[in-house]
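Notes to accompany the following structure.
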Amino acid sequence: MRIVVLVKPVPDPGEERLGDDGRLDRSVSAVINGNDEYVLEAALKLVEAHGGEVTLLSMAPAGITDPIRKALAMGATRAVLVTDPALAGACSWSTTQVLAAALRTLEYDLVLAGADTSDGGGGVVAAGVATLLGLPYLSHARRIEPFDGGVRVERLSAAGHDVLEATLPAVVVGTQLLGEPRYPSLRGIMGARSKEIAVRTLAEIGLADRPVGGAHATTALLAARRPAPRGSGRVVRDPDPVAAASAIVDFLVERRAL
Amino acid sequence: MGGEIWVVGEVDAAGALTKLSGEAATAARALGEAGGREVTGIVVAPEPDGAAASLAAFLPTVLAVRAPEMARRAAAAVVAARIVALAAAAQERPAYFVLSATPDGRDLAGMLSVLLEIGVIVNATGLTWDAAADGVPAGPRVEMQPFGGRVLTSSGFTGERGIILLRPNMVTAEPLAVPGSVEECTTGEVVDLPLVRVIERVVTESPGPSIEEARVIVAGGRGVGGPDGFAGLRELAGLLGGAVGASRAAVDAGWIDYATQIGQTGKTVKPAVYLAFGVSGAIQHKVGMQTAETIIAVDRDPDAPIGEFADLFVVADLAAVVPALAAALRARAG
Ligand SMILES: Cc1cc2nc3c(=O)[nH]c(=O)nc-3n(C[C@H](O)[C@H](O)[C@H](O)COP(=O)(O)OP(=O)(O)OC[C@H]3O[C@@H](n4cnc5c(N)ncnc54)[C@H](O)[C@@H]3O)c2cc1C
């Protein structure tokens, strides 16, 4: 089974900030988006059980390879990094076009993506990628199970879960319930150094003259500000239980919540 | 007059309109009034009539699209195909869509974005209509609170079209004085999207109010100690008219369902009151709840990070505080 996992390097959660140009400052240390690690783990388990290989596909600035090396160290076979100066400031529509175009140059049975990204990404890209490629789209998965020629997915619903089936190739979006991602082993880390990260420009994936990238963004940031800081909190240390309870009740009353 | 604003209503497992759909309709109506645009509601469902009538409480015109295949097919591709067909048949293509920031809404937005070639702004916390500025035409201005609310941003669409995904509880749903009308509507086929079969729908949870909609959240973490500890938190939530939330540690331990997880890979919430018990306040948890109006934390570790951003931090053993607080609340309720 050949699986492509879409992985996005994101600023370390809690460290994100906007640059003066209103774009995400990518100079802070980057990690693999948390939700992408869950689907990567699922992909690694699938190839362990069924054979095959895992290719990482990422669109990111050229310098940001540490998170991709880490994902390779976890066990992915190779990586494809689409990078182009024109892509700085790309909107989700552009990102969708780029990832779909890159996928057209790869061979796969399954494409996996994380539910959303911690840097403000909204979890709309994978559905668009599936639609552009004409592939079945199965989202919000807590379990992914291939069968002959198809894939079965348990999709979380408001009331429980739905069992979905589609033919392969397909695009599946997964959640944290797929299971805790593994840590790279020392052997994995050593091995990752020699694994291939194939770098592709827009021209190399056939998008040279297409209106994608920052200059063609469909959305624009107009203003950004910091919220008013929270006033410093009140601390009640080691009260007895009744005093603790009445401190909370009084506070709720003060805040007009009771 | 420019292109219309379309609101796609979502239906729950019982076929009823979701609360968030009424909020999206209300937000879209205000947008339409300010921008001089017609606003139309759309419900695509196997039996759309009930939900369409509910949506018409908020909008002058609602199209009810019967899609029997949705009973056996994953929703997004069915709804997207119907909407593209409606857009193709409309006199003027719709300019803006207001959808729900839910898993279904995101799936639909991703598909519509490429099918209609329009941008998406996700996780809106506020919506206004504004004049042209900074190279962006007059149109919706979308407020967001990315990075767990550490920044407040305002964004717009560079073309005169776009899709907005609205988060729950950002707008108070306000019905019209006179409900609108529902029009039954059939569509031709414009795009053929691969369908995904639904083999089975498994219902495991009693569909209570989701934590995203609750005004009060009583959250538990590893410090709660086990599934039994959550019984006490459920009682508190009941007394406060709220819902129970959890940290990932509690979810990973299997003490409570993933649907209650708050944080980076769980839900983002903005309740009036967030009461945390035995939650340390790790950054991945904090990003999901730090925009709560009031944060109260009980933790026995005086150095727990949550103490740095709680409005009231009670340093105590929760095992004793939970029953005492329940007793105090019961006493108040008389
Ligand atoms: C990619 C990624 C995504 C993540 N996403 C999320 C997410 O969405 N949501 C999330 O919550 N976490 C998430 N995490 C995990 C996060 O980093 C923390 O591990 C988690 O939030 C810790 O949960 P906790 O606060 O319940 O546990 P702990 O950090 O173990 O805190 C337990 C607290 O309980 C206190 N305590 C213990 N016993 C008592 C007692 N008897 N009385 C009072 N206090 C007591 C302790 O002092 C401590 O402060 C994510 C991590 C990663 C890497």
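Residue numbers start from 1 in every chain, and the chains themselves are labelled A, B, ... in the order their sequence lines are given, proteins ahead of strands.
Using a 4.5 Å cut-off between heavy atoms, Q290(B) touches chain A through its backbone atoms (N, CA, C, O) alone. Contacts between D252(B) and chain A at a heavy-atom distance below 4.5 Å involve the side chain alone, from C-beta outward. Residue R300(B): no heavy atom, backbone or side chain, is found under 4.5 Å from chain A. Within the 4.5 angstrom heavy-atom criterion, no atom of Q145(B) approaches chain A. Only the backbone of A133(B) comes within less than 4.5 Å of a heavy atom in chain A; its side chain stays farther off. Proximity to chain B is limited to the side chain of R230(A), based on heavy atoms less than 4.5 angstrom apart. Using a 4.5 Å cut-off between heavy atoms, R141(B) contacts chain A through its side chain alone, with no backbone atom that close. Both the backbone and the side chain of V315(B) have a heavy atom closer than 4.5 Å to some heavy atom of chain A. Contacts between L112(B) and chain A at a heavy-atom distance below 4.5 Å are absent for every atom of the residue. Using a 4.5 Å cut-off between heavy atoms, E200(B) contacts chain A through both its backbone and its side chain. Contacts between V125(A) and chain B at a heavy-atom distance below 4.5 Å are absent for every atom of the residue. Of the atoms belonging to A272(B), not a single heavy atom falls under 4.5 Å from chain A. Of the two parts of L193(B), only the side chain, counted from C-beta on, holds a non-hydrogen atom closer than 4.5 Å to a non-hydrogen atom of chain A. Proximity to chain A (any heavy atom under 4.5 Å) is shown, for V322(B), by neither the backbone nor the side chain.
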Notebook entry, point to check: Could you go step by step and tell me if W93(A) and I118(B) meet the side-chain contact (heavy atoms from CB on, under 4.5 Å) rule?
Noted result: CA-CA 7 Å; W93(A) 182 85; I118(B) 52 179; over 6 Å; no

Next item on the list: Apply the test side-chain contact (heavy atoms from CB on, under 4.5 Å) to residues R226(A) and L152(B): give CA-CA distance (whole Å), side-chain angles for both, the deciding distance (0.1 Å), then the verdict.
Entry: CA-CA 6 Å; R226(A) 286 181 186 287; L152(B) 306 181; over 6 Å; no

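In this view, R182(A) and E41(A), E48(A) satisfy the salt bridge (charged side-chain N to carboxylate O under 4.0 Å, His left out) rule, not counting sequence neighbours. Scanning for side chain to side chain contact (heavy atoms under 4.5 Å, CB included) contacts around A109(B) gives V124(A), L99(B), V120(B), I163(B), L165(B), with sequence neighbours left out.
Judged by distance alone, with hydrogens and angles left aside, the side-chain atoms of S118(A) form no donor-acceptor pair with the main-chain N or O of Q264(B) at under 3.5 Å. Not one N or O on the side chain of S154(B) forms a donor-acceptor pair closer than 3.5 Å with the backbone of L222(A).
For the pair R234(A) and D311(B), the salt-bridge criterion is not met [side-chain N within less than 4.0 Å of a carboxylate O]. The existence of a salt bridge linking D107(B) and R155(A) is confirmed by a sub-4.0 Å separation between a basic side-chain nitrogen and an acidic carboxylate oxygen. Note on R150(B) versus E15(A): no salt bridge recorded, every NZ/NE/NH1/NH2 to OD/OE distance being 4.0 Å or above.
Proximity of Y258(B) to Q176(A): side-chain heavy atoms (C-beta onward) are separated by under 4.5 Å at one or more points.
Contact residues of residues 147-154 of chain A toward chain B are absent (heavy-atom distance under 4.5 Å). Taking 4.5 Å as the heavy-atom cut-off, the residues of residues 249-258 of chain A that approach chain B are V249(A), F251(A), L252(A), V253(A), R255(A), A257(A), L258(A), ordered by number.
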